[in-house]
Amino acid sequence: GSGGKNLEWTGTTALAISLTTTETQVYGGLVTLEANVTLAGTAGTFTTGVNGAGHDLTLSFSGVTTLTGISNVKDLLVNGGGTTQLSGTVTTSGTQTYDEPVTLTGNTTLVGTTVSLAGVTGGSKNLTITGNAQFDGVVAGVNDLSVSGTTALNTASITTIGSQTYQDAVMLGANTVLTGNSGSFTTVAGGGFDLTLTFATSTAIDGDFTGIRNLASNGTGGTTLSGTVETTGTQSYSNAVTLIGNTTLTSTGTAAAGNVTLGSTVNGAFDLTINSSGTTTFGGAVGGTAALLSLTTDAGTGGTVAINGGSVKTTGAQSYGEQSSLGDNTVLEGSAGTLSGGVTGNGKNLTLTFGGLTTITGTSFTGLNDLLVNGGGTVNLSGTIETTGTQTYSDAVTLTAATTIKSTGTGAAGDVTFSSMIDGGFALDIQRGGTTTLGGAIGVGTPLASLTTDAGGTTALSSGTITTTGNQ
């Protein structure tokens, strides 16, 4: 029906019909619905709230709609083309749809099956959504934001002063930047879009992230990781990372589009696996404060690993399936270590301190200054291992294929030292400019195929036993 120009009720109101006014509607008391109702005008104010009694409510005001609380409505639709001011608790048994910008005038809780918001200006107030949420516009100025159900992000940005908590799956419908003091996530379905997380104190990723194109966590706070994070493009964590569960980072991108960058420290007593055909970069110490359980990088086509933080420490194994590049003098420490993709030393020193088996496959082991293997375990060697400085093997060595040890250093800088025994039915060729020291028995368990040292330096024999099936 038509309510005239302006409509104002100060007491309680029971509505069984729809009302349209040419201007304002003001309800000073509680409004109770006795049927599905549509209210339309230039502005609507509901000072005490609405009891829907299980009915639908549609508010179509072209100006400001002011709601201080709603209960027992079935479906709520706000679609007048103006703006909505919210405070208190709005509860529906069905959906809530705000097709116009929302401004929070007080801490607000929205309870429904799905709450859809065209955009929110927070006014430094809290917004709690109990149910599923859909954000179709920019959210800014909210203090704390919490969503208990799934969240569809069809917006470029959500900015909060405080925390953002997404207790269930997040689905991206656009490239999205989330900014605030802290952020907490379980799972994210990326839909092929980019996601940027810029949180000042902490970013918590505790679940599976899939289908994202490029992912960046670049706030000043740290990032905690658990589960599987998979992107079709890059992953970049510019802040300190702490593992709170076993974690796998996978990029299916190629070349630079597959880069995975951990720009600061990485800590946490869990397994870390990185699968990438681009460059995996460790910008800070790994395991310096809390050793990782294990670290594995795959043998992705064309992939490389840049170890720039000086150290990697695990209580378990380390396995580098790709070509590794050193950006600083580096110590790798753990129970076992496998370098099957080779190392580009860039003039840096490399120390391998593995208590169990150290496996060096010298397919491309070049550019190192000094190489030291001193974990107290055993060493498997094959291929060509080249340094500009010394090579020292304090552990027992087994040749698993023909092996060439080469130092281009002169004098003491070209020394090659084997402090313990050497076995393996393959050829060993030592080329150096300093002193070769053979401190243990050679070929006693399994005779070498041959042993050759060049004429560029001297050889010191300490064991007295050298056995080969071929030439010495």
Side-chain angles (χ1 to χ4, degrees), residues 262 266 274 279-288 291-292 294-297 299 303-314 316-400 403-409 412-420 430-434 436-437:
L262 296 111
V266 181
I274 302 177
T279 298
T280 298
T281 301
F282 296 102
V286 177
L292 276 61
S294 69
L295 173 64
T296 303
T297 70
T304 59
V305 180
I307 305 173
N308 298 333
S311 65
V312 178
K313 185 175 182 180
T314 57
Q318 297 178 33
S319 179
Y320 301 89
E322 304 160 303
Q323 181 80 17
S324 298
S325 174
L326 305 185
D328 200 351
N329 296 333
T330 299
V331 177
L332 306 182
E333 180 180 355
S335 67
T338 301
L339 296 99
S340 56
V343 174
T344 301
N346 298 310
K348 308 300 181 181
N349 300 331
L350 177 61
T351 301
L352 305 177
T353 306
F354 295 106
L357 177 62
T358 301
T359 301
I360 298 175
T361 304
T363 52
S364 178
F365 227 84
T366 61
L368 287 170
N369 185 35
D370 295 334
L371 173 63
L372 171 61
V373 184
N374 66 348
T378 59
V379 184
N380 285 353
L381 293 181
S382 65
T384 298
I385 301 165
E386 183 175 346
T387 61
T388 59
T390 62
Q391 295 187 39
T392 303
Y393 302 88
S394 300
D395 306 333
V397 170
T398 299
L399 307 181
T400 57
T403 302
T404 298
I405 304 296
K406 182 177 181 181
S407 172
T408 60
D415 288 352
V416 174
T417 301
F418 291 89
S419 300
S420 187
I430 302 174
Q431 304 172 15
R432 77 284 180 251
T436 297
T437 300

Task: Residue list, ring-ring contact (aromatic ring centres under 6.0 Å, His included) with Tyr393, at least two apart or on another chain - done: Phe418
Task: Side chain to side chain, Ile405 and Gln431, heavy atoms closer than 4.5 Å - done: no
Task: Side chain Thr281, main chain Gly283, donor-acceptor under 3.5 Å - done: no
- [ ] Tell me, please, which residues at least two apart from Ser394 pass side chain to side chain donor-acceptor pair (under 3.5 Å).
- [x] none
Task: Test side chain to side chain donor-acceptor pair (under 3.5 Å) applied to Ser325 - qualifying residues, sequence neighbours left out - done: Asn346
Open item on the list: Quick check: closest heavy atoms across Glu322 and Thr280, and the distance to 0.1 Å?
Closed with: OE1-OG1, 4.4 Å
- [ ] Compare all side-chain heavy atoms of Leu295 with those of Phe282 and state whether any distance is below 4.5 angstrom.
- [x] yes
- [ ] Quick one: list whatever passes side chain to side chain contact (heavy atoms under 4.5 Å, CB included) with Ala285, sequence neighbours left out.
- [x] Ser311
Open item on the list: I'd like to check the side chain to side chain donor-acceptor pair (under 3.5 Å) partners of Thr436; sequence neighbours left out, ordered by chain and number.
Closed with: Arg432
TODO: Please round to the nearest 0.5 Å and tell me the distance separating atom NZ of Lys348 and atom CG of Asn308.
DONE: 9.5 Å
Open item on the list: Quick check for you: to the nearest 0.5 Å, what is the distance between Leu332 atom CG and Leu350 atom CG?
Closed with: 5.5 Å
Open item on the list: With a 4.5 Å cut-off on side-chain heavy atoms, are Val373 and Thr392 touching?
Closed with: no
Task: Minimum side-chain heavy-atom gap Phe354-Asp395 below 4.5 Å - done: no
TODO: State which residues pass side chain to side chain contact (heavy atoms under 4.5 Å, CB included) with Ala291; sequence neighbours excluded, sorted by chain then number.
DONE: Lys313, Thr315
TODO: Could you note down all residue pairs passing side chain to side chain donor-acceptor pair (under 3.5 Å) where residues 365-375 supplies at least one of them, sequence neighbours left out?
DONE: Asn349-Asn369, Thr353-Asn374, Asn369-Thr388, Asp370-Thr390
Task: Any side-chain heavy-atom pair of Leu339 and Thr359 under 4.5 Å - done: no
Task: side chain to side chain donor-acceptor pair (under 3.5 Å) partners for Thr358, two or more places apart - done: none
Task: Pair Thr279-Val305, side-chain contact (heavy atoms from CB on, under 4.5 Å): steps then yes or no - done: CA-CA 6 Å; Thr279 298; Val305 180; over 6 Å; no
Open item on the list: Using the side chain to side chain contact (heavy atoms under 4.5 Å, CB included) criterion, which residues pair with Ser294? Sequence neighbours excluded.
Closed with: Asp271
- [ ] Considering non-hydrogen atoms only, spot the tightest contact between Leu381 and Thr403 and give its length.
- [x] O-OG1, 3.3 Å
TODO: Sorted by first residue and then second, give each side chain to side chain donor-acceptor pair (under 3.5 Å) pair with at least one member in residues 328-344; sequence neighbours left out.
DONE: Gln323-Thr344
Open item on the list: According to side chain to side chain donor-acceptor pair (under 3.5 Å), does anything in residues 375-387 pair up with another residue at least two apart or in another chain? List the pairs.
Closed with: Thr387-Gln391
TODO: Tell me, please, which residues at least two apart from Tyr320 pass ring-ring contact (aromatic ring centres under 6.0 Å, His included).
DONE: none
Task: Val416 side chain reached by Thr437 side chain, heavy atoms, under 4.5 Å - done: no
